[in-house]
Participant: 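One structure coming up, written as structure tokens, with questions to follow.
Everything numeric in this text was worked out from a predicted model, so none of it was measured.
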Amino acid sequence: MDSVTETRIQKMLPLLNEKQRRMYLATEVESLGHGGLRAIHELTGTSKTTIIKGKKELQQHSQQNQTRIRKTGGGRKPITQKHQTIKTKIEQIIENNTAGNPEKTLLWTSKSLRNIQKTLKDQNINVSHDTIGNILKDMNYSLQQNQKMLQIGEPHPDRNKQFEHINQTATEFLSQGQPVISVDTKKKELIGNFKNNGAEYCKKKEPHKALDHDFPIKELGKVTPYGVYDVSRNLGFVNLGLSHDTGEFAVASILRWWQTLGVNTYPGASKIFITGDSGGSNGSRLKLWKRQLQEFANISGLEVVVSHFPPGTSKWNKIEHRMFCFISKNWRGQPLVSVEAVVSLISSTTTSKGLKIVCACDDRCYALGTKVSDEELALLNLERNKFHGDWNYTIRPK
């Protein structure tokens, strides 16, 4: 075989598909004559059987399946056909590592794909981890993070009824055009060049360098974000406290929201529905919280209706998954170097569904240990609901 022929063949082969390649090589074999099959095989590495097959196809001039590269049924069979019990075997491997809600069809697994691949290989089943991932997807499995959903101890027997009560009350208020807000305190954040979980884009090998410890810097301190989420308007307000998280601070945050946004958003409002956790600065047992709500009612002129979520169910509070989670995503990987930076990051938080947040800094000092006597509590214009008056009550202006 001369060099011209070799060059021609090497240039042509990359341009052809399987069927065209074997038929083309068959024509070159015919042109070379005796010894051509061996020469083409040594030059291209193509199997002699494949070249002979191409020669037969040239002789037959078959007009059937001209668009097919391989004959019907050719090619590697799917792993689920080759090993029909592979789904069962995968389920057996991950059985002790599977969790899920029995009322939902979606399951998830914590067993890694490569560990499953290794276990299957020990059973003489060779399959790639990518294929295992596709099989798990077809079986309604997915990767999931842990969720704080399980309550320590026995749930309250009226837990579900309280959810129904909150939903019914909120529906009534919304239908009447009255404000419905969800309130809570986000966890305190250290101010300073501390590592913040998450990642952001930087030039390669130039990550932002943060302090190697998380001890508070006294001069910078901490911030306490207290959030108010307007359920119907998808609007949020964060009062960024520099002092302590107390009942006084919680109600002051709600009053600030009302004076900043609420009074303009609901000019004709006569009452307001507030939902919050059973603990913390807006806890159902906190006397200071209720006393300050009386002051809020007096100042705003609103009838304040309050419902607390049952213990252990704070994650059902709307503000958690409609506002706070997006704030955390927005500032992930960015050290909270100053109060101004925190205000800016919170205020710039938005979502595709139109969430907007207003953030203001509160530099007032809120004292710890403020006591409210039973006599003071008795003077409040407070009416407890017939259903769980400890969770549901109304405070009217005096």
Participant: Is it true that the side chains of Ser348 and Asn330 contain a donor and an acceptor less than 3.5 Å apart?
Facilitator: yes
Participant: Going by salt bridge (charged side-chain N to carboxylate O under 4.0 Å, His left out), name the residues that satisfy it together with Asp374, two or more places apart in sequence or in a different chain.
Facilitator: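 Residues passing salt bridge (charged side-chain N to carboxylate O under 4.0 Å, His left out) with Asp374: Lys287.
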Participant: Ion pair present between Glu57 and Lys19, side-chain N to carboxylate O less than 4.0 angstrom?
Facilitator: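 Here Glu57 does not pair with Lys19 in a salt bridge, since their nearest N and O are not under 4.0 Å apart.
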Participant: Measure the spacing between CD1 of Ile166 and CH2 of Trp316 and express it to the nearest 0.5 Å.
Facilitator: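 One finds 12.0 Å between CD1 of Ile166 and CH2 of Trp316.
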Participant: With hydrophobic residues grouped by side-chain heavy-atom distances under 4.5 Å, do Trp257 and Leu235 end up in a single group?
Facilitator: no
Participant: Please report the interatomic distance CD1(Ile395) to CG(Leu302), rounded to the nearest 0.5 Å.
Facilitator: 12.5 Å
Participant: Find the distance between CG (Leu242) and CG (Leu220) and round it off to the nearest 0.5 Å.
Facilitator: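 The CG atom of Leu220 is 11.5 Å from CG of Leu242, to the nearest 0.5 Å.
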Participant: Report yes or no: is the cationic atom of Lys290 (NZ for Lys, CZ for Arg) closer than 6.0 Å to the six-membered ring centre of Tyr393, at no more than 45° off its axis?
Facilitator: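 Geometry flag: set, cation within 6.0 Å and 45°.
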Participant: So, taking the atom named CG in Asn126 and the one named OG1 in Thr131, what distance separates them when rounded to the nearest 0.5 Å?
Facilitator: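 With rounding to 0.5 Å, CG (Asn126) is 11.5 Å from OG1 (Thr131).
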Participant: Hey, does Leu43 have a side-chain heavy atom less than 4.5 Å from the side chain of Ile9?
Facilitator: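 Ile9 vs Leu43: side chains touch.
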Participant: Can you name the nearest heavy-atom pair linking Ser278 to Pro311, along with the distance?
Facilitator: OG-N, 4.0 Å
Participant: Can you give me the closest heavy-atom contact between Gln20 and Leu15, atom names plus distance?
Facilitator: OE1-O, 4.4 Å
Participant: Can you tell me how far CD1 of Ile346 sits from CZ of Phe326, rounded to the nearest 0.5 angstrom?
Facilitator: 15.0 Å
Participant: Around atom NZ of Lys398, are there more than 12 heavy atoms of other residues, nucleotides or ligands at under 6.0 Å?
Facilitator: yes
Participant: In terms of ring plane angle, is the pair Phe296 and Trp258 parallel, tilted or perpendicular, where the classes change at 30° and 60°?
Facilitator: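 Perpendicular: the ring planes of Phe296 and Trp258 meet at over 60°.
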Participant: Between the side chain of Asn167 and the main-chain N/O of Phe163, is any donor-acceptor distance below 3.5 Å?
Facilitator: no
Participant: Should the heavy atoms of other residues, nucleotides or ligands under 6.0 Å from NZ of Lys121 be counted, would the total exceed 12?
Facilitator: no
Participant: Can you pull out every ring-ring contact (aromatic ring centres under 6.0 Å, His included) where at least one residue sits in residues 17-42? Sequence neighbours excluded, please.
Facilitator: none
Participant: Which pairs of donor and acceptor atoms, one on a side chain in residues 223-231, lie under 3.5 Å apart (sequence neighbours left out)?
Facilitator:
residue, atom, partner, partner atom, Å
Tyr226, OH, Asn282, OD1, 2.9
Tyr229, OH, Asn234, OD1, 2.7
Asp230, OD1, Ser232, N, 3.3
Asp230, OD1, Ser232, OG, 3.3
Asp230, OD1, Arg233, N, 3.4
Asp230, OD1, Tyr266, OH, 2.8
Asp230, OD2, Tyr266, OH, 2.9

Participant: To check you understand the geometry: which heavy-atom pair defines the closest contact between Phe273 and Ala170, and what is its length?
Facilitator: CE2-N, 3.7 Å
Participant: Determine, using the 4.5 Å side-chain heavy-atom cutoff (strictly less than), whether Val183 and Val263 are members of one ILVMFWY cluster.
Facilitator: yes
Participant: Testing the basics here: between Arg21 and Leu16, what is the closest heavy-atom pair and its distance to 0.1 Å?
Facilitator: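 Smallest heavy-atom distance, with atoms named: NH2-O, 2.9 Å.
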Participant: Has Arg8 got more than 12 heavy atoms of other residues, nucleotides or ligands less than 6.0 Å from its CZ?
Facilitator: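 Above 12, so yes.
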Participant: What distance do Glu340 atom CD and Cys361 atom SG have between them, rounded to the nearest 0.5 Å?
Facilitator: 7.5 Å
Participant: Can you find a pair of side-chain heavy atoms, one from Ser314 and one from Phe309, that are under 4.5 Å apart?
Facilitator: no
Participant: Only counting residues at least two apart or in another chain, list the ones meeting ring-ring contact (aromatic ring centres under 6.0 Å, His included) with Phe324.
Facilitator: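 Expected list: none.
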Participant: State, to 0.1 Å, how close Gly236 and Met323 come at their nearest heavy-atom pair, and which atoms those are.
Facilitator: CA-SD, 3.4 Å
Participant: Among residues at least two apart in sequence or on other chains, which ones pass salt bridge (charged side-chain N to carboxylate O under 4.0 Å, His left out) with Glu375?
Facilitator: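 With sequence neighbours excluded, Glu375 shows a salt bridge (charged side-chain N to carboxylate O under 4.0 Å, His left out) to no residue whatsoever.
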Participant: With a cut-off of 6.0 Å (strictly less than), are more than 12 heavy atoms of other residues, nucleotides or ligands near NZ of Lys356?
Facilitator: no
Participant: Is it true that Glu91 and Lys87 have a side-chain N and a carboxylate O under 4.0 angstrom from each other?
Facilitator: no
Participant: Thr5 and Asp2: side-chain donor and acceptor closer than 3.5 Å?
Facilitator: yes
Participant: Within a strict 4.5 Å, meaning less than it, do heavy atoms of the Glu42 and Arg38 side chains meet?
Facilitator: yes
Participant: Could you tell me if Lys186 and Ser328 have a donor-acceptor pair between their side chains, going purely by distance under 3.5 Å?
Facilitator: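 Judged by distance alone, the side chains do pair up.
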Participant: Evaluate whether atom CD of Gln176 has more than 12 neighbouring non-hydrogen atoms of other residues, nucleotides or ligands under 6.0 angstrom away.
Facilitator: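 Counting neighbours around CD of Gln176, more than 12 heavy atoms of other residues, nucleotides or ligands fall under 6.0 Å, so yes.
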Participant: Going by salt bridge (charged side-chain N to carboxylate O under 4.0 Å, His left out), name the residues that satisfy it together with Glu383, two or more places apart in sequence or in a different chain.
Facilitator: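 Counting only residues at least two positions away or on another chain, Glu383 forms a salt bridge (charged side-chain N to carboxylate O under 4.0 Å, His left out) with Arg396.
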Participant: Do the side chains of Trp289 and Ile319 join up, straight or via other hydrophobic residues, at under 4.5 Å, putting them in one cluster?
Facilitator: no
Participant: Looking at Cys359 and Ser347, what are the two nearest heavy atoms and their distance?
Facilitator: CB-OG, 3.4 Å
Participant: Where the side chain of Asn392 meets the backbone of Phe387, is there a donor-acceptor pair that is under 3.5 Å apart?
Facilitator: yes
Participant: Among the clusters formed by ILVMFWY side chains lying less than 4.5 Å apart, do Ile181 and Leu174 turn up in the same one?
Facilitator: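 No, Ile181 and Leu174 fall in different hydrophobic clusters.
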Participant: Same hydrophobic cluster for Leu345 and Leu355, using side-chain heavy-atom links shorter than 4.5 Å among ILVMFWY?
Facilitator: yes
Participant: Given 3.5 Å as the limit, does a donor-acceptor pair link the side chain of Gln162 with the main chain of His308, or not?
Facilitator: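 Yes, Gln162 side chain to His308 backbone: donor-acceptor pair under 3.5 Å.
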